[in-house]
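Numbered from 1 within each chain, the chains take letters A, B, ... in sequence-line order.
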2 protein chains.
Amino acid sequence: MTKTSSPDRPAPPDERHLRPAGRATRAAIEEAARRLFAERGFDASVRAIATEAGVDPALVIRHFGSKEALFLRCVDTSGSIGAVLDGPIETVGRRLVAYFLQPDRPLVRQRYLALAQAAHLDQVKEEMNRHTAETYVAALAPRLDGADRELRVALAVAQLSGLLNLAFRQEDPLVTDADPDRVVALYGDAIQHLLTPGLG
Amino acid sequence: MTKTSSPDRPAPPDERHLRPAGRATRAAIEEAARRLFAERGFDASVRAIATEAGVDPALVIRHFGSKEALFLRCVDTSGSIGAVLDGPIETVGRRLVAYFLQPDRPLVRQRYLALAQAAHLDQVKEEMNRHTAETYVAALAPRLDGADRELRVALAVAQLSGLLNLAFRQEDPLVTDADPDRVVALYGDAIQHLLTPGLG
DNA sequence: TCAACCAGTCAACGGTGTTGACCGAGAGGC
DNA sequence: GCCTCTCGGTCAACACCGTTGACTGGTTGA
């Protein structure tokens, strides 16, 4: 008796064979989750998301398996960072810092805070490591000179994460009260020094 | 009617006027908390700490006020970092990285993970900012040349926290699998570049 | 002696993520 | 048209969390 079509009872929904009603509420849950995760980070509770979507909390789990899986689906790490990485390699350090610190892009801040808050979950860790490798290392390492190209890009990502940590999460006044242009110049050059030691 | 000596009922214990029995169990709770916080970070539950100490969970709160306060008391940020900071300023970058990445000091790793995990708590944020200012900025800024001395030290701390984040929390294989000596050299020089731009 | 106070226990509150039992409705096969 | 079966959804409950307040005993100081 193969149990391919009827896995016991709880039956995890497979995205495909869903009826229109199920697809609609599923979308409503995901939309509510995106909004609340952006507002409160991983602290947004499953029950609050369910209330926002006008649905029973159990249904959230039934549709997405777990809070962690729903979170991963809602927080996409993609963004307009590609254009920054594709620009001139000699000035990518300052451009990266300027991109993440721009005050008129609250989504960047929100996304970082949500991810940093949930970084203890294994799947989130994997996703972030994958993002580092497939976005940053893939874009920059081939364009570098010298040894340890991939490691140097990874360390540059570490520098970036440290700055965002102190500025957004830690909110250290020494950084938040500083002149943003000075931060871009100083920290951007430090990143640049790791990527292209000879220049600058 | 001044309520200086009798604040209603619950009476927060003031460390001073404690009977020997109270002092003993208080110490037992703190010892259990230190062990469990080191093992599991902030996820260690008050109930688990109480069980480990052979005590009722309510007593933990009665003695320390809250889980957060107990955590702050147990995770001290002090260490042997002072000696590293007091050494030659021209090579402090590499020495800092080497100090934190040394594999034979699991306490450094544990302490960082516990603090990073609890960084969303306001008092933990304040404590970490205070530590940055009083330990790192106070020790290094007066010995630097040029402008933005304090900001540059704070940004160097940001660099450090980013490296520890990627190495300990994120466990990015690009960093964990790399040759530690290369990481010390590359990242240490990047920090050094921020502190003493002219040298090296 | 007796009142005040400390040490400690107990049950409960409101919150969390998650599970399993249950029910109504719609779709497919005969 | 009926019957069956699966999907959509609700409900109550579980186990855990941090925290609170009421309560009991034992010790201490006046």
- Item | Between dC17(D) (P) and F71(B) (CZ): distance, integer Å | 17 Å
- Which of the following nucleotides, dT20(D), dG8(C), dT10(D), is nearest to the side chain of A58(B)? dT20(D)
- Expressed in angstrom and rounded to an integer, what is the separation of F64(A) atom CZ from dG17(C) atom C1'? 16 Å
- For I49(B) and dC16(D), give me the distance from atom CD1 to atom P, rounded to whole Å. 17 Å
- Task: Would you kindly give the CZ-to-P distance between F42(B) and dC16(D), to the nearest whole Å?
- Result: 19 Å
- Message: For E127(A), is the CD atom crowded, meaning more than 12 foreign heavy atoms sit under 6.0 Å from it?
- Response: yes
- Item | Nearest to side-chain heavy atoms of V46(B), which nucleotide of dT9(C), dG18(D), dT10(D) | dG18(D)
- With the side chain defined as heavy atoms from C-beta on, K67(A) is closest, among dC10(C), dG8(C), dG17(C), to dG17(C)
- Calculate the interatomic distance between I29(A) atom CD1 and dT18(C) atom P; express it in whole Å. 14 Å
- Task: Round to the nearest Å and state the distance from L59(A) atom CG to dC23(C) atom P.
- Result: 18 Å
- Within 45° of the six-membered ring axis of F42(A) and under 6.0 Å from that ring's centre, is NZ or CZ of K67(A) located there? yes
- Task: Return the value, rounded to whole Å, for the distance between atom CD1 of I61(A) and atom P of dG17(C).
- Result: 8 Å
- Item | T25(A) side-chain N/O to dG8(D) phosphate OP1/OP2 under 4.0 Å | no
- Task: Report yes or no: does T25(B) contribute a side-chain atom to a donor-acceptor pair with the main-chain N or O of G22(B) at less than 3.5 Å?
- Result: yes
- Note on the structure: Residues A178(A) and V183(A): closest non-hydrogen pair is CB-CG2, 4.0 Å
- Query: When you check the phosphate oxygens OP1 and OP2 of dC16(D), does a side-chain N or O of S45(B) lie under 4.0 Å from one of them?
  - Reply: no
- Could you tell me whether the side chain of I89(B) reaches within less than 4.5 Å of the side chain of L144(B), counting heavy atoms only? yes
- Task: Measure the distance from CZ on R62(A) to C1' on dG8(D) and round it to the nearest whole Å.
- Result: 8 Å
- Query: Donor-acceptor pair under 3.5 Å: do we get one between R47(A)'s side chain and the base of dG17(C)?
  - Reply: yes
